[in-house]
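Heads up, the thing below is written out as structure tokens.
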Amino acid sequence: VTRFALVALAVCAGAGELGAEPARPVVDLTLKRRPGPRDLRMRTAQTTPPEPAPAPETDAAGPAVEPDAPVEGDVAVTAPRATKADLQGIRRADDRLVFRLDLGFAVDGGAISGRRAIAGEPLRDNDYREVRAVGFGNLFAGTRGLFLPPLSSYVSLGFRVAPELNSIAPLADALDSTEDLQIRAGWAEAAGFLPGSIGRRLRVRAGRQYAYGPWPIHFDGAVVAWTGKALRISALAGVRVDEYAAQGEPGSFPPITALIASVDLGALGRAPITLRGTGMTLGSKRFADLELGYRPRRGLVVVLGARSNADKPARERAQVRAQISDVTHVVVEAEHRHAADWRWDMSYVDPAAPGAARPYLELPATERQLRGSIRGGTVLLDNIDLYARAAAAIDLEERPDETTGYVEFGGAAEVRVRRQLTLSANVVVRDYELTDPMVLGTFQVDEGNLAQPLVDPDDPFERSSLGQESFIEGGGGMRFTTGARKFTASVEGYYRRAKYSRLYAEVTTMLGDLLDRFDSRGGGRIALDGWMTSKIRLHLDYDLSTSLDHAPEINGWKQLRVLLEGNL
Amino acid sequence: MGHRRWIVVGAIAIAVAAAGACRTRRPTRAVVEVPDEPARLPHDLHAAKGLLCADCHAEGVRPGANDHAPCDRGQCHDAAFQTAPGPVCEVCHATVDVTGGDKGLRPYPLDGGMQAMPSKFAHARHLDPVRLERAVGFNLACIDCHTQRDDRDAPAAPGHVQCARCHAPEVGLDDAPAMTDCDRCHVPTERVARHARRLITGDLHFDHRNHVRDARGALISCRDCHEGAVGSKLRTDQVPPSVRDCVGCHDDPERVPDQMRMRMCETCHANRIQGIGSLAPRDHLPGTERPVDHTIAFRFDHAEQARRDAARCGTCHTQLSGSVVDTCDECHQVMRPHDHTVTWRELDHGGFALSDSERCATCHVVDYCSDCHRLRPRSHLGGERFAMLEHGDLARVNPRSCMTCHDPVRDCSASGCHTIGFSP
């Protein structure tokens with residue numbers, strides 16, 4: 001009986017457990033995202049409104065409610081704008097991880113022709129290498145809030161494998177004099193990591209990076225930036241990066257500091273004016289840049305700017321940009337350069353300064369010059385893409401600059417004749433304002449093998465009597481594409497004819513006077529670009545030139561580049 | 001040097017390009033000429049007489065439907081009804097005669113015409129699921145208001161019947177007008193067009209009934225095309241669908257049959273026109289194509305767009321970090337400009353670098369130049385023979401190229417070979 005009673009109790013207990021309501025998991029019914037309106041039939045209206053729903057949750061990464069997010073299980077999910085296949089391989093702008101690896105090789109070639117060079121004998125194999133191959137690659141990796149929401153990082157590397165060459169390369173390159181591993185950028189950034197409305201607007205980026213002040217600044221250092229509704233301030237400090245060639249002594253590159261501030265009055269509901277000022281030091285040098293932007297109407301921007309070097313005015317600039325439609329733009333620019341302006345970037349200002357990159361570039365300081373250009377483009381009939389440009393430079397000093405005045409016209413057109421087929425053409429013409437050697441009296445006729453007098457580099461007129469007088473360059477091409485991320489093939493060719501100043505005349509050799517003044521040549525390029533999968537791209541281009549009037553010792557140049565790009 | 005000639009040529013070229021830019025493009029979202037009949041039924045005059053809305057718009061009955069009531073009231077248009085048919089009759093009737101002939105009504109309101117006293121309506125408010133859930137306990141779908149009739153090619157615009165489902169006084173919405181509060185929806189304002197902006201114009205044709213399901217049988221949601229309506233807050237701020245909305249499906253072989261793909265003009269247009277102008281415009285191309293605004297001009301002047309929307313660049317240029325500040329280098333350090341050919345690298349870059357050094361500096365610092373310029377060029381082979389004698393032949397062609405690397409005083413005169421200057 002006891003056993004029966006125990007069994008009965010056990011059964012009842014078990015039954016009781018079975019009959020009891022199982023523990024329900026806690027279900028979160030909070031609306032996490034907004035479903036799109038669906039094609040559902042209307043339900044009956046309620047006379048009593050329900051309790052208000054809680055506000056949607058947000059987190060540091062942004063609002064949790066995604067207005068456009070499709071609803072799981074919904075038969076009428078919002079259709080993508082492009083097909084699924086189209087979207088594969090196109091990165092989402094908010095991806096937290098960026099990874100791309102390029103691997104490729106290039107072969108440069110310039111076959112010996114066996115003909116005599118203008119200045120000497122035919123090339124010999126032991127002096128000159130006809131072919132040079134190099135393996136190269138790029139690595140891009142970035143994170144955005146992957147481990148910690150406010151933390152981002154980015155690395156951009158270039159690397160190559162190039163056997164050392166003890167003779168002259170077929171195409172000029174700096175493979176033997178620069179580093180095989182080049183760190184273009186490598187930075188970490190923290191943004192919005194401090195509490196409070198002011199702290200959330202702070203951003204700190206440290207490492208190798210670029211900043212954009214009066215000039216693109218490549219440096220190792222840190223940037224601290226604060227971005228408000230209308231005010232942006234950033235300060236940077238670091239050391240200028242050389243171009244991977246270690247041309248100066250280690251540590252000889254001067255420190256660089258800068259303060260950049262901008263105010264957008266339009267954001268405050270006032271006039272649509274933006275003011276931007278930059279102060280920068282490079283070693284003992286000081287630079288400043290001030291820019292005013294005015295946007296009187298949508299699509300129209302007027303920019304006025306001025307910069308100084310060592311407290312002397314260096315350049316004034318005015319630009320008007322008009323965007324008439326999505327595809328129609330006009331830009332008008334004018335600038336006034338002073339002698340204090342820098343020719344390349346600020347590191348070239350003083351050739352005597354430590355770390356200044358100047359060896360083998362014997363270019364004088366700039367002179368006052370007025371430059372202007374107008375360029376614009378549009379698309380006609382949705383298929384004819386046109387572009388035109390005109391530019392001019394006028395010397396304002398009695399001394400002409402190294403770059404004498406010139407007038408330039410250029411234009412390009414791209415016409416889609418079939419959905420997948422595009423034809424293109426372009427032309428550039430430039431005419432320099434050289435001092436005529438005949439007028440100046442510097443024209444020299446070679447008399448035997450006597451050394452001729454040379455131009456006086458300190459005499460501006462003599463210096464400006466040599467160089468190119470004019471050139472014209474034109475080209476055309478054809479492109480076939482089944483889609484920018486599918487397959488594209490293109491073929492193009494170009495021709496260029498340059499005319500040089502006739503400062504020296506050689507009348508005794510078989511080269512003749514004509515060769516002295518003109519240089520005609522052409523070239524072409526074939527490119528193939530195909531996506532093997534949604535993440536892997538294969539690119540191939542073959543670039544070649546015709547024979548060269550001024551380099552008869554070779555048959556011309558060729559370059560083959562093959563690149564495999566992989567994206568994660 | 002003949003600069004004037006070039007200036008004239010350039011001015012003509014620019015004028016031609018500008019004239020081309022000003023040409024009217026094929027309208028894809030045209031502003032439609034809307035018929036208007038402001039004098040036909042002037043609501044403002046009726047209101048000025050002290051009439052209330054309900055005086056004419058009795059519950060559920062069209063004004064005039066009940067043997068011309070209330071228009072024929074004594075204090076209104078009674079006199080007109082006692083005489084021969086005249087202008088008052090033509091407000092509503094197409095033709096009227098005393099013998100009891102055709103009494104067909106003129107269409108009112110005009111479909112696509114101007115609308116007097118339009119209602120205030122915000123799609124954004126009515127399609128906000130959270131708000132609707134809170135207010136009435138369910139969400140609205142498009143067809144709850146826009147019903148599709150089998151005999152029409154487009155869903156009908158909703159009327160009071162559809163509004164009344166929620167705005168009936170019995171529902172008792174807290175913060176929304178009831179159907180009896182006419183003036184909370186219909187405020188005196190300017191006459192507005194029912195459909196001032198349309199995609200379907202000219203020779204285009206479109207039938208909503210053919211766009212219910214795609215070739216796979218999957219439902220096509222209204223907002224696939226009418227995305228702009230979802231966020232519209234006014235009657236007048238709705239953006240009509242764009243051609244790009246069509247491309248998404250009509251270039252997908254899984255969703256659309258071959259004979260209705262984008263390349264088949266007749267799918268949407270009445271006629272196929274042969275010629276350069278009839279090629280598919282850029283916005284008719286699929287998402288895999290280069291964006292519409294990536295023109296030749298864009299290749300030279302894209303800084304503003306890149307600064308404004310760096311995230312957009314990152315969707316295709318996969319080397320970009322995704323950051324929106326100071327990212328120009330992420331492209332400019334690796335993407336070689338189109339004009340950097342083999343001859344550019346060896347011969348042509350110098351003149352451009354001198355005249356437009358800022359362009360070079362976008363990607364290169366000056367060290368980059370001296371990396372190559374410090375190397376001995378191929379033309380300098382020949383040892384002592386070149387150094388002593390034959391370099392002159394080369395130098396004579398373009399002495400400036402020598403001076404890129406050589407200082408005449410330091411390298412040519414100090415050795416005692418050349419004299420400097422041409423003056424006697």
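The sequence lines fix the lettering, A, B, ..., with proteins before strands; numbering per chain opens at 1. Values below: every heavy atom of this structure, side chains too, minus hydrogens, waters and symmetry copies.
- Both the backbone and the side chain of A/Ser545 come within less than 4.5 Å of a heavy atom in chain B.
- With A/Glu462 contributing its side chain and A/Asp456 its backbone, the two residues share a donor-acceptor pair below 3.5 Å.
- Contacts with chain A were tallied for B/Thr419, B/Val342, B/Asp293; B/Val342 has the most, counting heavy-atom pairs under 4.5 Å.
- At a 4.5 Å heavy-atom cutoff, the contact between A/Leu123 and chain B is made by side-chain atoms alone.
- In this structure, chain A has heavy atoms under 4.5 Å from both the backbone and the side chain of B/His338.
- Of the listed residues (A/Gln559, A/Arg418, A/Arg521), the one with the most heavy-atom contacts under 4.5 Å to chain B is A/Arg521.
- Of the atoms belonging to A/Gln209, not a single heavy atom falls under 4.5 Å from chain B.
- Under a 3.5 Å cut-off, the side chain of A/Gln452 and the backbone N or O of A/Tyr504 do not form any donor-acceptor pair.
- With a 4.5 Å cut-off on non-hydrogen atoms, B/His418 touches chain A through its backbone and its side chain both.
- Contacts of A/Asn138 with chain B are made by side-chain atoms alone, with heavy-atom separations under 4.5 Å and no backbone atom involved.
- In this structure, chain A has a heavy atom under 4.5 Å from the side chain of B/Gln305, while its backbone stays farther away.
- Between A/Phe140 and B/His317, the distance from one ring center to the other does not fall under 6.0 angstrom.
- Interface remark: of the candidates B/Asp356, B/Thr327, B/Val409, B/Val325, B/Val325 forms the most heavy-atom pairs closer than 4.5 Å to chain A.
- Of the residues considered (A/Glu189, A/Glu565, A/Arg496, A/Arg205), A/Arg496 shows the highest number of contacts with chain B, using heavy-atom pairs under 4.5 Å.
- Under the 6.0 Å cut-off for aromatic ring centres, B/Phe298 and A/His329 do not qualify, their centroids lying 6.0 Å or more apart.
- Side-chain contact between B/Asp326 and A/Tyr210 is absent, with no heavy atoms from C-beta onward closer than 4.5 Å.
- Looking only at heavy-atom pairs under 4.5 Å with chain A, the residue among B/Asp301, B/Leu394, B/Thr362 that has the most is B/Asp301.
- Looking at B/Arg345, the atoms closer than 4.5 Å to chain A (heavy atoms on both sides) all sit in the side chain, from C-beta outward.
- Between B/Asp245 atom CG and B/Cys225 atom SG the span is 5.5 Å, to the nearest 0.5 Å.
- Both the backbone and the side chain of A/Leu466 come within contact range of chain B, each with at least one heavy atom under 4.5 Å from a heavy atom of that chain.
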Fill in: From CA spacing to verdict: salt bridge (charged side-chain N to carboxylate O under 4.0 Å, His left out), A/Asp543, A/Lys558
CA-CA 6 Å; A/Asp543 199 342; A/Lys558 300 174 181 67; over 6 Å; no
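- Contact annotation for B/Cys363: only backbone heavy atoms (N, CA, C, O) come within less than 4.5 Å of a heavy atom of chain A.
- One N or O on the side chain of B/Glu330 and one on the backbone of B/Ser321 form a donor-acceptor pair closer than 3.5 Å.
- The side-chain tip of A/Arg430 does not point at the ring of A/Phe471 from less than 6.0 angstrom away and within 45° of straight on.
- With sequence neighbours excluded, no residue forms a salt bridge (charged side-chain N to carboxylate O under 4.0 Å, His left out) with B/Asp329.
- Heavy atoms closer than 4.5 Å to chain B are found in the side chain of A/Ile168, but not in its backbone.
- Only the backbone of A/Ala413 has a heavy atom closer than 4.5 Å to any heavy atom of chain B.
- Contact annotation for A/Arg124: neither backbone nor side-chain heavy atoms come within less than 4.5 Å of a heavy atom of chain B.
- Side-chain contact check for A/Asp431 versus A/Tyr406: every heavy-atom pair is 4.5 Å or farther apart.
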Worksheet item: Does the side-chain hydrogen bond (donor to acceptor under 3.5 Å, both in side chains) test come out yes or no for B/Thr295 and A/Asp385, once each step is laid out?
Response: CA-CA 7 Å; B/Thr295 59; A/Asp385 190 349; 4.6 Å; no
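- Of the atoms belonging to A/Val331, it is side-chain heavy atoms, and not backbone ones, that fall under 4.5 Å from chain B.
- There is no contact between A/Ala117 and chain B, counting heavy-atom distances below 4.5 Å.
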